[in-house]
Number of protein chains: 2
Amino acid sequence: MSDTHTGVPSVVAAPLPTPVPADEHEQCPVTDVLRRIGDKWTVLVVVLLGRRPYRFNELHRGIQGISQRMLTRTLRALEDDGLVRREVFPTVPPGVEYSLTPLGESLLVPLSAVADWAVGHRDEIARARLAAGAGPDRPE
Amino acid sequence: MSDTHTGVPSVVAAPLPTPVPADEHEQCPVTDVLRRIGDKWTVLVVVLLGRRPYRFNELHRGIQGISQRMLTRTLRALEDDGLVRREVFPTVPPGVEYSLTPLGESLLVPLSAVADWAVGHRDEIARARLAAGAGPDRPE
DNA sequence: CGGAATCCAGTAAGATACTG
DNA sequence: CAGTATCTTACTGGATTCCG
């Protein structure tokens, strides 16, 4: 830590020469990943699959509130990114099992960092929001 | 590492007794934070402000592609959450400076973890996506 | 059981123009 | 300079129905 006033390591503080070259920030892998795990259900699914493999309806019941459509889409997206493996068992009735790939499991690590931060600062954030809403005049 | 088959620590692997109690997962602080930093511009703004304070139009030019509207909304949301501080200098013309609060700076740490993961596995993900798109028959 | 297909509402995001 | 106001479009997510 030596080139910013915050002692933060890694790519976040490293590259990005002040004038952001983000003309095509669309393809920035960081934003890309964040937008994927930033959706409504992905994290929940990944965390569950991090515990053990699940079958489709098992996840559907387990998550409660998710629609089949969203569960399907979420799983498909994760599968396409190589984070989740889908295995079909030709039984009757057919069974499909979902599990994390090694890549998917590796995601649990940084995910934990964010989760810990979120849990650790939830009160602080909640208070800030209250102050913002009730404090000065917030027109609508 | 002792209660799951992945060696992942922290809240991600800790609570969540297999049957998810996520009836009100809406208020889950983890999902909450992820959805905020999962939007299109937040991370970019936070990272920039992590380098040094910025003025509004300075950010506007620096990010390139963002509209005033989105920059304003992003900054406002971050301010409301207590991650960004907004200081007005009563000069002519008026100047407004944005900077990270200590809370905001602390976010850079878990953010770095995710960013490093994203950068470190971008190729792997890209290959998986190609394989998913070109591999089996992907209708549309 | 494990989806796919269709439809539909709500919100996020962009362009543009105007203001203190 | 630092926004706000308005309009329009694109995407996300949910409900329902149907199929192998």
Side-chain angles (χ1 to χ4, degrees), chain A residues 22-26 31-32 34-45 49 53-80 84-99 136-140, chain B residues 22-26 28 31-32 34-45 48-49 53-80 84-99 136-140:
Chain A
D23 177 33
E24 302 162 348
H25 74 286
E26 308 273 348
T31 298
D32 189 55
L34 278 168
R35 287 182 70 90
R36 171 132 307 170
I37 66 177
D39 77 355
K40 197 167 181 176
W41 305 106
T42 296
V43 172
L44 225 38
V45 170
L49 293 181
Y54 275 83
R55 298 209 326 283
F56 185 86
N57 276 345
E58 206 176 1
L59 278 175
H60 194 194
R61 284 189 299 273
I63 291 189
Q64 197 186 49
I66 194 172
S67 61
Q68 307 138 327
R69 179 180 138 88
M70 279 303 105
L71 180 55
T72 301
R73 288 171 65 96
T74 301
L75 287 169
R76 181 77 68 193
L78 288 171
E79 190 193 350
D80 286 354
V84 160
R85 175 175 34 242
R86 177 177 183 270
E87 278 181 296
V88 182
F89 299 100
T91 58
V92 244
V96 179
E97 189 176 274
Y98 292 92
S99 57
D137 57 316
R138 265 264 176 285
E140 169 65 11
Chain B
D23 176 33
E24 303 162 348
H25 75 287
E26 306 272 349
C28 165
T31 298
D32 188 55
L34 278 168
R35 288 182 69 92
R36 172 131 306 171
I37 66 176
D39 77 356
K40 197 167 183 179
W41 305 106
T42 296
V43 172
L44 226 39
V45 169
L48 272 184
L49 292 182
Y54 274 83
R55 297 209 325 284
F56 185 87
N57 277 345
E58 207 177 2
L59 279 174
H60 194 196
R61 284 189 300 273
I63 290 188
Q64 196 184 51
I66 195 173
S67 61
Q68 306 137 327
R69 179 182 138 88
M70 278 304 106
L71 180 54
T72 301
R73 288 173 66 94
T74 301
L75 286 169
R76 181 78 67 193
L78 288 171
E79 191 194 349
D80 286 355
V84 160
R85 175 176 34 242
R86 179 177 182 269
E87 279 182 293
V88 183
F89 298 100
T91 57
V92 246
V96 179
E97 190 175 274
Y98 292 92
S99 56
D137 56 317
R138 264 265 176 286
E140 169 67 14

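Throughout, protein chains are lettered first and strands after them, A, B, ... in sequence-line order, and every chain is numbered starting at 1. Since we're looking at a predicted model, the values are computed, not measured.
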Item to check | Atom pair distance, as rounded to whole Å: CZ in B:R36 and P in C:dA13 | outcome: 11 Å
Next on the checklist: Rounding to an integer number of Å, can you tell me how far B:Q64 CD sits from C:dA15 C1'?
Outcome noted: 17 Å
Checklist outcome for this item: Which of D:dA2, D:dT4, C:dA13 is nearest the side chain of B:F56? It is D:dA2
Checklist entry - Separation of A:M70 atom CE from C:dA9 atom C1', in whole Å? => result 13 Å
Item to check | Nearest-angstrom distance from the residue atom CZ of B:R86 to P of D:dA2 | outcome: 10 Å
Checklist entry - Counting only side-chain N and O atoms of B:R69, is one of them less than 4.0 Å from OP1 or OP2 of C:dA17? => result no
Checklist entry - Touch check for A:R55, heavy atoms < 4.0 angstrom, all strands: base, sugar-phosphate only, or nothing? => result sugar-phosphate
Next on the checklist: Checking the side chain of A:E79 only, and the main-chain atoms of A:R76 only, is there a donor and an acceptor separated by less than 3.5 Å?
Outcome noted: no
Checklist entry - Starting at CG of A:L34 and ending at P of C:dA12, how long is that distance when rounded to a whole Å? => result 17 Å
Item to check | Minimum-distance nucleotide to A:V96 side chain [options: C:dG2, D:dA2, C:dA4] | outcome: C:dG2
Item to check | D:dG3 OP1/OP2 closer than 4.0 Å to side-chain N/O of B:Y98 | outcome: yes
Item to check | Presence of donor-acceptor pair under 3.5 Å, side chain of B:Q68 and base of D:dA5 | outcome: no
Checklist entry - Which atoms form the tightest heavy-atom contact between B:G38 and A:R35, and what is the distance? => result O-CG, 3.1 Å
Checklist entry - Toward the 5' end of DNA chain C, which comes first, A:P94 or A:R35, by nearest nucleotide? => result A:P94
Next on the checklist: Can you tell me which nucleotide in D:dG13, C:dA17, D:dC1 comes closest to the side chain of B:R61?
Outcome noted: D:dC1
Checklist entry - Where is the tightest heavy-atom contact between B:F56 and B:L71, given as atom of each residue plus distance? => result O-CD2, 3.6 Å
Next on the checklist: Tell me the closest heavy-atom pair linking B:I66 and B:H60, and the distance in Å.
Outcome noted: O-NE2, 3.1 Å
Item to check | A:K40 side-chain N/O to D:dG14 phosphate OP1/OP2 under 4.0 Å | outcome: yes
Item to check | Atom-to-atom span, CG of A:L71 to C1' of C:dG2 - whole angstrom | outcome: 10 Å
Checklist entry - Closest to the A:P93 side chain: C:dA4, C:dC1, D:dC1? => result C:dC1
Next on the checklist: Between C1' on D:dC1 and CG on B:L59, what's the gap in Å once rounded to a whole number?
Outcome noted: 13 Å
Item to check | Least distance between heavy atoms, A:R86 atom then A:Y98 atom | outcome: NE-OH, 3.2 Å
Checklist outcome for this item: From OH of B:Y54 across to C1' of D:dA2 the rounded distance in Å is 18 Å
Next on the checklist: Check the phosphate of C:dG3 against A:R73, side-chain N and O only, distance under 4.0 Å to OP1 or OP2. Yes or no?
Outcome noted: no
